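Quick notes on the structure that follows.
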There are 2 protein chains.
Amino acid sequence: MKSPSQPRDRGIPEATVARLPLYLRALHGMAERGIATVSSEDLAVAAGVNSAKLRKDLSHLGSYGTRGVGYDVEYLVYQISRELGLTQDWAVAIVGVGNLGRALANYGGFVSRGFRVAALVDADPEVVGDTIAGLNVEHIDELETVIGQRGVSIVVLATPAAAAQAVCDRVIAAGVTSILNFAPVVLSVPDSVDVRKVDLSIELQILAFHEQRKAGGPLMAMDGQ
Amino acid sequence: MKSPSQPRDRGIPEATVARLPLYLRALHGMAERGIATVSSEDLAVAAGVNSAKLRKDLSHLGSYGTRGVGYDVEYLVYQISRELGLTQDWAVAIVGVGNLGRALANYGGFVSRGFRVAALVDADPEVVGDTIAGLNVEHIDELETVIGQRGVSIVVLATPAAAAQAVCDRVIAAGVTSILNFAPVVLSVPDSVDVRKVDLSIELQILAFHEQRKAGGPLMAMDGQ
DNA sequence: CCGACTTTGTGCATCGGTTCACAAAGGGAT
DNA sequence: ATCCCTTTGTGAACCGATGCACAAAGTCGG
Ligand SMILES: NC(=O)c1ccc[n+]([C@@H]2O[C@H](COP(=O)([O-])OP(=O)(O)OC[C@H]3O[C@@H](n4cnc5c(N)ncnc54)[C@H](O)[C@@H]3O)[C@@H](O)[C@H]2O)c1
Ligand SMILES: NC(=O)c1ccc[n+]([C@@H]2O[C@H](COP(=O)([O-])OP(=O)(O)OC[C@H]3O[C@@H](n4cnc5c(N)ncnc54)[C@H](O)[C@@H]3O)[C@@H](O)[C@H]2O)c1
């Protein structure tokens, strides 16, 4: 089946990958408070997950715990960071510098860990040339140049929905294979490209669904069709 | 299974609920373009999902399709909207009117469908009293009053991480049971409360993980363990 | 050096979700 | 009215993820 060769057991489940950043955040907090080692139980509580799940997740990275003791916080931070690729620096470009794009550009929280906003790009002549968070907003015509010259490997899309697919096509053509999309559209991309989407409207609708259910309770007879 | 207006199984899978807003968006687009009926295949493509999955999802709401024809767009929009609770108006409060809170307040996209920003709340005296998107920013001391008087049932948390849990506790005490959290913390809440989180930093880290893997390719020789 | 204690790492049962594949249902043409 | 064509709705196999429960591994006090 699989090549019997070697440590290419790099097949980490997607669900696990999605939780590693959560563990990392909890671990950073602990490191700051001077905690040297942590048990799976304590870390699980801090990350809001089941401890067996946490142990299984960590076991995918290797055997980094010590039975009877727990995990070394610093060491685990390093291992998870390395696994996630945070030991290197990622250049991010934000395309679409409107309400949301500005908020993202001004946000310091993600720059702190391996990510660096390397460019801001917009189509509006009113916006181009502005300085936001110390960065000059560049014209969309420069998109490919900027991506190529600054080694941008992740693009954050914060344009209106109507423009998203076109911009998406261009950044992919420019060699980008990781996109974080805030526009409420389903982007069509080759399999080789990863797209993650953040959609506020969808989140609210899911909340509304559950809220309605709570309010309606076990019997909500009104409305026959 | 003959009555077509069967309210159906009230136990809709969570994965299905999360996709209904996607279908709804695609359907709205179709309705605007004057499309009257749509097949599961076409709608699935528009929503970016597998058609069998889409049919199974819709079957949870009832038998609203016509074999050999497809689904009536308008009717399906109505059924999904009703299921999600979008036929009623939801009052949303945004707590924390900084970079992100402002962007959310100015965002027109979700007000359009059943959601209405009913209040903006902040702790900073500099911000309180400002008018943003036509709304007065109120003081955090008024939190409970505002929630009670305006029937707020969904709260969007956009405060710094350090303040999130405290604000969360207060809004829950005020009767709110649905929270959308943008702060990078694991909120501790009773089981009866729904929390959904949006975390930009986590999304970027997941992208970085896959990006690293792509870059490393089938053989990434450095570091032997 | 030993034995009691702690905690990891994982086998296994289970569960929810996805996908395939097809019989049944319905429309439209003749 | 009958046949053919399209498309739904769903049974069933499959797949990945979850969580329990426990043996193995390692610590630490004495
Ligand atoms: N603001 C929010 O809270 C929020 C929430 C959820 C989703 N979104 C989505 O995020 C996106 C941005 O929202 P926003 O509120 O910032 O909108 P916005 O209109 O304030 O900003 C959009 C920016 O994109 C620029 N733009 C337009 N076409 C472009 C192109 N082809 N290339 C580059 N830039 C282009 C515009 O000049 C503008 O500056 C939208 O798709 C919106 O639906 C926003
Ligand atoms: N801006 C982004 O793009 C972004 C992205 C991801 C996550 N976040 C998170 O969203 C949150 C907000 O980010 P931001 O960039 O808007 O930060 P910000 O500092 O610009 O805004 C925070 C606002 O919350 C207010 N506040 C502080 N304590 C409060 C309290 N107890 N009650 C009410 N309001 C209070 C502050 O006065 C300020 O106006 C943070 O937790 C941040 O980590 C932001």
Side-chain angles (χ1 to χ4, degrees), chain A residues 1-2 7 9-20 22-23 26-27 30 35-73 75-76 79-80 83 191 206 209-210, chain B residues 1-20 22-23 27 30 35-73 75-76 79-80 83 191 206 209-210:
Chain A
M1 308 263 200
K2 40 193 70 171
D9 91 310
R10 285 329 194 137
I12 297 181
E14 196 51 40
T16 295
V17 173
R19 282 187 296 265
L20 290 179
L22 220 55
Y23 304 152
L27 287 165
M30 288 170 174
I35 298 171
T37 65
V38 65
S39 70
S40 63
E41 184 55 39
D42 290 353
L43 181 52
V45 168
V49 304
N50 177 299
S51 71
K53 182 158 40 180
L54 180 136
R55 287 197 299 277
K56 190 157 287 188
D57 283 344
L58 294 185
S59 76
H60 288 294
L61 317 193
S63 267
Y64 296 140
T66 305
R67 293 169 191 235
V69 176
Y71 300 87
D72 182 274
V73 173
Y75 187 57
L76 201 49
Q79 289 299 342
I80 295 180
E83 194 64 46
D191 287 348
I206 295 171
F209 171 83
H210 293 295
Chain B
M1 231 114 292
K2 34 193 69 169
S3 150
S5 55
Q6 194 97 3
R8 258 327 191 153
D9 191 4
R10 287 272 148 185
I12 297 181
E14 196 51 38
T16 295
V17 174
R19 281 187 296 264
L20 289 179
L22 221 53
Y23 304 153
L27 287 165
M30 288 170 175
I35 298 171
T37 64
V38 65
S39 70
S40 63
E41 184 55 38
D42 290 352
L43 182 53
V45 168
V49 303
N50 177 300
S51 71
K53 182 155 47 178
L54 180 134
R55 287 197 299 278
K56 191 153 285 188
D57 283 343
L58 294 184
S59 77
H60 289 294
L61 317 191
S63 267
Y64 296 138
T66 306
R67 289 165 194 242
V69 176
Y71 300 88
D72 182 274
V73 173
Y75 187 57
L76 200 49
Q79 289 298 343
I80 295 179
E83 194 64 46
D191 287 347
I206 296 171
F209 170 83
H210 292 294

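Below, chain A is the first sequence line, B the second, and so on; all start at residue 1. For the numbers below, each heavy atom of this structure counts, side chains included, while hydrogens, waters and symmetry mates do not. From a predicted model like this one, the values you see are computed outputs, not experimental measurements.
Atom CG in A:L58 sits about 16 Å away from atom C1' in D:dA17, given to the nearest Å. Residue A:E41 contributes atom CD, which lies 13 Å from atom C1' of D:dC20 at whole-angstrom precision. A straight line from CG of B:D72 to C1' of D:dT8 spans 15 Å, rounded to a whole angstrom. Spacing between atom CD of A:E14 and atom P of D:dG16 amounts to 12 Å, rounded to whole angstrom units. Rounded to an integer number of Å, the gap from OH of B:Y64 to C1' of C:dA25 is 18 Å. Here C:dG16 presents its C1' atom at 13 Å from NZ of B:K53, a figure rounded to the nearest Å. Remark: C1' of C:dT7 and CG of A:L54 are 13 Å apart, rounded to the nearest angstrom. Rounded to whole Å, atom P of D:dT6 lies 14 Å from atom CG of B:D42.
You'll find the side chain of B:T16 stays beyond 4.5 Å of the side chain of B:K56, heavy atoms only.
Phosphate proximity of D:dG9 to B:S63: present, with a side-chain N or O under 4.0 Å from OP1 or OP2. Proximity of A:T66 to the phosphate of D:dG26: no side-chain N or O atom is located under 4.0 Å from OP1 or OP2. Phosphate contact (OP1/OP2 of D:dT7, side-chain N/O of B:S40, threshold under 4.0 Å): absent. Residue B:R19 places at least one side-chain N or O closer than 4.0 Å to OP1 or OP2 of C:dT18. At D:dT10, none of the side-chain N or O atoms of B:K56 fall inside 4.0 Å of OP1 or OP2 (strictly under the cut-off). Taking side-chain N and O atoms only, B:N50 has a distance below 4.0 Å to OP1 or OP2 of C:dC20. The side chain of A:Y71 places no N or O atom within less than 4.0 Å of a non-bridging phosphate oxygen (OP1 or OP2) of D:dG26.
Of the inter-residue distances, the one linking B:E83 atom CD with B:L76 atom CG reads 11.5 Å to the nearest 0.5 angstrom. For the atom pair OH of A:Y71 and CG of A:L43, the computed distance is 8.5 Å after rounding to the nearest 0.5 Å. How far CZ of B:R19 is from CD1 of B:I80: 12.0 Å, rounded to the nearest 0.5 Å. Separation of atoms CE (B:M30) and OH (B:Y23) is listed at 12.5 Å; rounding is to 0.5 Å.
If you find the closest nucleotide of DNA chain D to B:R55 and to A:D57, the one lying nearer the 5' end belongs to B:R55.
Residue B:A15 is in sugar-phosphate contact alone, with no base atom involved, counting any heavy-atom pair closer than 4.0 Å across all strands shown.
One cannot find a donor-acceptor pair under 3.5 Å joining the base of C:dT7 and the side-chain atoms of A:R67.
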